[in-house]
Amino acid sequence: MFDRILATVRRIPKGKVATYGGVAEAAGYPGAARQVVWALRTAKGVPWHRVIGAGGRIRLPGEAGLEQRLRLRTEGVAIERDRVDLFLHGHRFRQQRETEGSLN
DNA sequence: AAGATGACGCCCG
DNA sequence: CCGGGCGCCATCT
């Protein structure tokens, strides 16, 4: 599970973002958003900054949160008040249900 | 085996 | 928009 989640995170292209729940589902573990968090906290070498909360919210608190915004902005992701426009930057994982998609 | 721990998500007031 | 409460679930004490 751990590897599948990380592999999924690594698939998010630069300039795009995905939600914790979205990654979990795309990895094959719907509802396992918390495991995505666990994986990101644990693993290294993954584009963790491209994973955000539902609705495009930045959930990472403190310094790390600021770094995340910085990194995203650097990749061309617009951020408005701790928010990312998912319809604009949400990554669409392939082979995923329409109702979900990336914006989901 | 039981309880605690999250970068969560969703609903309600 | 902001809290608060509850469900979730692998992993770790």
Please tabulate the protein-to-nucleotide N/O contacts below 3.5 Å involving nucleotides 11-13 of chain B, giving atom names and distances.
none

Between the protein and nucleotides 2-6 of chain B, which nitrogen or oxygen pairs are less than 3.5 angstrom apart?
| residue | atom | partner | partner atom | Å |
| --- | --- | --- | --- | --- |
| B:dG6 | N7 | A:R34 | NH2 | 3.1 |
| B:dG6 | N1 | A:R34 | NE | 3.4 |

For residues 54-63 of chain A, which side-chain N or O atoms pair as donor and acceptor with protein atoms under 3.5 Å away, sequence neighbours left out?
| residue | atom | partner | partner atom | Å |
| --- | --- | --- | --- | --- |
| A:R57 | NH1 | A:A54 | O | 3.0 |

Which atom pairs, donor and acceptor, lie under 3.5 Å between side-chain atoms of residues 72-80 of chain A and protein residues at least two apart or in another chain?
| residue | atom | partner | partner atom | Å |
| --- | --- | --- | --- | --- |
| A:T74 | OG1 | A:L70 | O | 2.8 |
| A:E75 | OE1 | A:G15 | N | 3.2 |
| A:E75 | OE1 | A:R50 | NE | 2.9 |
| A:E75 | OE2 | A:H49 | NE2 | 2.9 |
| A:E75 | OE2 | A:R50 | NE | 3.2 |
| A:E75 | OE2 | A:R50 | NH2 | 2.9 |

Distance-only donor-acceptor pairs under 3.5 Å for side chains of residues 32-43 of chain A, two or more places apart:
| residue | atom | partner | partner atom | Å |
| --- | --- | --- | --- | --- |
| A:T42 | OG1 | A:W38 | O | 2.7 |

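Taking all atoms of both residues into account, the shortest heavy-atom contact from A:G53 to A:Y20 is N-CE1, 3.3 Å. Scanning all heavy atoms of the two residues, the minimum distance from A:V51 to A:T19 falls at CG1-C, 4.2 Å.
Chain A approaches DNA chain C within less than 4.0 angstrom (heavy atoms of the protein), and the contacting nucleotides run 5' to 3' from C:dG7 to C:dC12.
Between the CZ atom of A:R11 and the CG atom of A:L6 there is a distance of 11.0 Å, given to the nearest 0.5 Å.
If you check every strand for non-hydrogen atoms under 4.0 Å, A:A54 touches sugar and phosphate atoms only.
By the side-chain hydrogen bond (donor to acceptor under 3.5 Å, both in side chains) test, A:D82 pairs with A:R69, sequence neighbours left out. Qualifying salt bridge (charged side-chain N to carboxylate O under 4.0 Å, His left out) partners for A:R71, counting only residues two or more places apart in sequence or in other chains: A:E67.
DNA chain B is contacted by no residue of residues 65-76 of chain A, taking any non-hydrogen atom closer than 4.0 Å.
Hydrophobic clustering places A:F2 together with A:W48 (ILVMFWY residues linked when any side-chain heavy atoms are closer than 4.5 Å, directly or through intermediates).
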